[in-house]
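First up is the structure itself, then whatever we jot down about it.
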Amino acid sequence: MENNQMLLCSRSNGKFADTQKIIQVNFFDDIEQDDIRRTKWLLNKYTDLIDVIKNYEYSLQQLENAMATYDLLSAEGSVAKRVSGQELTADVTANAVLLKDQRHVNYKFYQFLTNNIKFAINNIRDKHEGLIAKLLFLDGMKYLKAQQYLEKGYRKDIPGISATTFADKRRKAIESIAKSLKVNRTLDFVTIDYGRG
């Protein structure tokens with residue numbers, strides 16, 4: 001019996017009657033292949049999102065430390081000539097202000113995504129799966145390097161595992177993360193457009 005299902009038995013005269021009535025209740029939807037693809041895509045973008053968050057926080061810190069708003073708008077104006085790329089002419093100051101507002105919205109959204117990913121990875125119960133997810137997705141370690149790390153058994157609290165076990169544990173970790181991201185509705189924000197690019 002999976003952990004997201006519960007069997008309920010009806011009572012008959014104070015005794016359990018297993019054969020009379022069994023009701024299956026699913027607390028969570030099953031994970032589909034598309035959920036796994038969206039989770040993999042999101043996990044592969046995690047380090048990029050963290051970089052954007054850090055860069056934005058650094059620019060805010062610089063703004064607080066001395067750079068005037070006018071200087072920032074002027075600096076952005078050289079890059080923000082056209083917002084959509086479809087415009088023939090551009091209002092540099094207005095577009096820079098629009099981009100500045102949009103950056104903060106994106107920053108908050110990226111924080112939401114990265115916090116949910118971190119939460120999902122930190123809540124993986126299997127030590128191997130949790131470490132694999134941390135190394136590959138949070139730390140951005142290459143697959144072979146992470147595999148060798150776990151194969152050698154560098155951590156005393158987690159014994160070494162073979163390459164095939166590593167691949168299996170990685171797959172289970174991604175499924176676990178996908179379940180968590182589906183339950184907290186993070187995957188609702190990920191749309192993969194196939195056939196483009």
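Computed over heavy atoms, backbone and side chain alike; hydrogens, waters and symmetry mates excluded. Model, not experiment: these values are computed from the prediction.
Contact check for His128 versus Ile158: side-chain heavy atoms found under the 4.5 Å cut-off.
Separation of atoms CG (Asp51) and OH (Tyr58) is listed at 15.0 Å; rounding is to 0.5 Å. We find the NZ-CD1 distance between Lys152 and Ile161 to be 13.5 Å, quoted to the nearest 0.5 Å. Within the model, atoms CG of Leu187 and CZ of Arg38 stand 5.0 Å from one another, a figure rounded to the nearest 0.5 Å. For the atom pair CG (Asp35) and CG (Leu181), the distance works out to 9.5 Å, reported to the nearest 0.5 Å. In this structure, Gln147 CD and Leu135 CG are separated by 12.0 Å, a value rounded to the nearest 0.5 Å.
Under the salt bridge (Lys or Arg N to Asp or Glu O under 4.0 Å) criterion, Asp48 pairs with no residue at all, not counting sequence neighbours. In terms of the ring pair (Phe, Tyr, Trp, His ring centres under 6.0 Å) criterion, Tyr46 has no residue partners (sequence neighbours excluded). Considering only residues two or more places apart in sequence or on other chains, Lys45 meets the salt bridge (Lys or Arg N to Asp or Glu O under 4.0 Å) condition with none of them. In this structure Tyr149 satisfies the ring pair (Phe, Tyr, Trp, His ring centres under 6.0 Å) test together with Tyr154, sequence neighbours excluded. Applying the side-chain hydrogen bond (donor to acceptor under 3.5 Å, both in side chains) test to Glu57 and every residue at least two apart in sequence or in another chain returns Tyr107.
Closest non-hydrogen pair, Ile124 versus Gly130, comes out as CG2-N, 3.6 Å.
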With a cut-off of 3.5 Å and sequence neighbours excluded, list every side-chain donor-acceptor pair involving residues 113-121.
unit_1, atom_1, unit_2, atom_2, d
Thr114, OG1, Tyr110, O, 2.9
Thr114, OG1, Gln111, O, 3.2
Asn115, ND2, Gln111, O, 3.1
Asn116, ND2, Thr186, OG1, 2.8

N/O donor to acceptor pairs below 3.5 angstrom from side-chain atoms of residues 163-177, sequence neighbours left out:
unit_1, atom_1, unit_2, atom_2, d
Thr164, OG1, Ser162, OG, 3.2
Thr165, OG1, Ser162, OG, 3.0
Asp168, OD2, Lys172, NZ, 3.4
Lys169, NZ, Asp126, OD2, 3.0

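Salt bridge present: Asp34 and Arg37 bring a charged side-chain N and a carboxylate O closer than 4.0 Å.
In this structure, the side chain of Asn44 does not engage the main chain of Trp41 through any donor-acceptor pair within 3.5 Å.
Identified under the salt bridge (charged side-chain N to carboxylate O under 4.0 Å, His left out) test for residues 132-150, with sequence neighbours left out: Lys134-Asp139. Residue pairs that meet the ring-ring contact (aromatic ring centres under 6.0 Å, His included) test with at least one member in residues 171-191, sequence neighbours left out, are Phe109-Phe189, Phe112-Phe189.
Placement of Leu144 and Leu136 within a single hydrophobic cluster is found when ILVMFWY residues are connected by side-chain heavy-atom separations under 4.5 Å, directly or transitively.
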